[in-house]
Amino acid sequence: TPIQNDLSEFFVMV
Amino acid sequence: MLEARLEQAALLKKVVDAIKELVQECNFDCNDSGIGLQAMDNSHVALVSMFLKSESFSPFRCDRNIALGINLNALQKVLRAAQNEDILTLKAEDAPDVVNLVFENATADRISEYDLKLMDIDQEHLGIPDTDYAAQISMPSSEFQRITRDLSAISESVTIECNKEGVSFACEGDIGKGNIKLRQYTNVDKPAENVEVNMTEPVALTFALKYLGNFCKASGLSEQVRLCLSNEVPLMVEYALANNSYIRFYLAPKIGD
């Protein structure tokens with residue numbers, strides 16, 4: 001089963 | 001203070017319908033360019049980014065930045081009192097405890113007024129980088145909704161693949177597998193039915209259908225939807241609104257097999 005990525009791995013907190 | 005008048009309450013009703021499955025509480029950030037909102041779902045997998053430009057309102061006035069912390073379930077309760085065709089006016093003071101909503105019917109013989117209590121929401125704000133997406137697909141929003149619904153019956157995930165043949169939506173589940181291919185299509189008389197595929201390099205990414213199904217709740221806001229993909233970055237699903245206003249959803253891909 002593919003693993004779900006987390007959005008914060010791609011977008012930086014500002 | 002804020003004063004923003006919408007010609008049709010339907011717009012705000014549909015926006016709230018579109019995002020309330022993903023997000024329960026969020027700030028509506030008001031400034032002189034319009035009303036924006038950015039929020040992630042609890043699991044940090046999906047994000048909604050909405051902006052209603054000041055031109056979408058008439059008149060629009062916002063003297064300083066105001067964050068309206070709103071419980072969307074509560075807002076929806078109030079908005080149920082508005083007819084789709086009602087004129088809707090949002091008003092708030094500079095440091096408000098409440099947002100005031102006024103609904104006027106088209107014949108101006110019925111005026112309803114509600115105050116909705118606001119809350120302090122300390123929200124994480126993500127910087128979304130400008131991305132040159134490898135593939136951009138525009139299609140009827142109803143078609144995307146149908147594909148998402150049909151494949152959800154088969155599997156939890158869909159692989160969206162874009163190559164020079166067109167775009168395909170493929171899934172595999174316990175009962176079998178499914179695959180829907182779309183090719184470029186232009187209808188001069190009915191541009192809402194167009195399918196447009198722009199690709200600079202082939203892309204294949206896997207996403208959770210549950211979230212795509214949530215995004216499709218925005219289908220009533222726009223006849224067309226745009227999917228933007230690049231390998232190994234989140235998918236962007238955009239519903240363009242009049243006056244350059246928009247509602248965009250971002251979804252982190254799944255990885256591995």
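Here is the naming used below: chain letters follow the sequence lines, and residue numbers restart at 1 for every chain.
- Residue B:Glu93 places its CD atom among 12 or fewer non-hydrogen atoms of other residues, nucleotides or ligands, all under 6.0 Å distant.
- Contact record, A:Pro2 with B:Thr206: CG-CG2, 4.4 Å, taken as the closest heavy-atom pair.
- For B:Glu156, no part lies near chain A; criterion is any non-hydrogen pair under 4.5 Å.
- One finds the CE atom of B:Met40 at 6.0 Å from the OG atom of A:Ser8 (value rounded to the nearest 0.5 Å).
- Atom CD of B:Glu25 sits in a crowded spot, with more than 12 heavy atoms from other residues, nucleotides or ligands closer than 6.0 Å.
- Below 4.5 Å, heavy atoms of chain A meet heavy atoms from B:Ser43, B:His44, B:Val45, B:Ala46, B:Leu47, all part of residues 42-53 of chain B.
- Not less than 6.0 angstrom separates the ring centroid of A:Phe10 from the ring centroid of B:Tyr250.
- When all heavy atoms of A:Gln4 and B:Ala208 are compared, the closest pair comes out as OE1-CB, 3.8 Å.
- Looking at every heavy atom in both residues, B:Pro234 comes nearest to A:Leu7 through CG-CD2, 3.7 Å.
- Looking at heavy atoms from C-beta onward, A:Met13 lies in side-chain contact with B:Leu126 at the 4.5 angstrom threshold.
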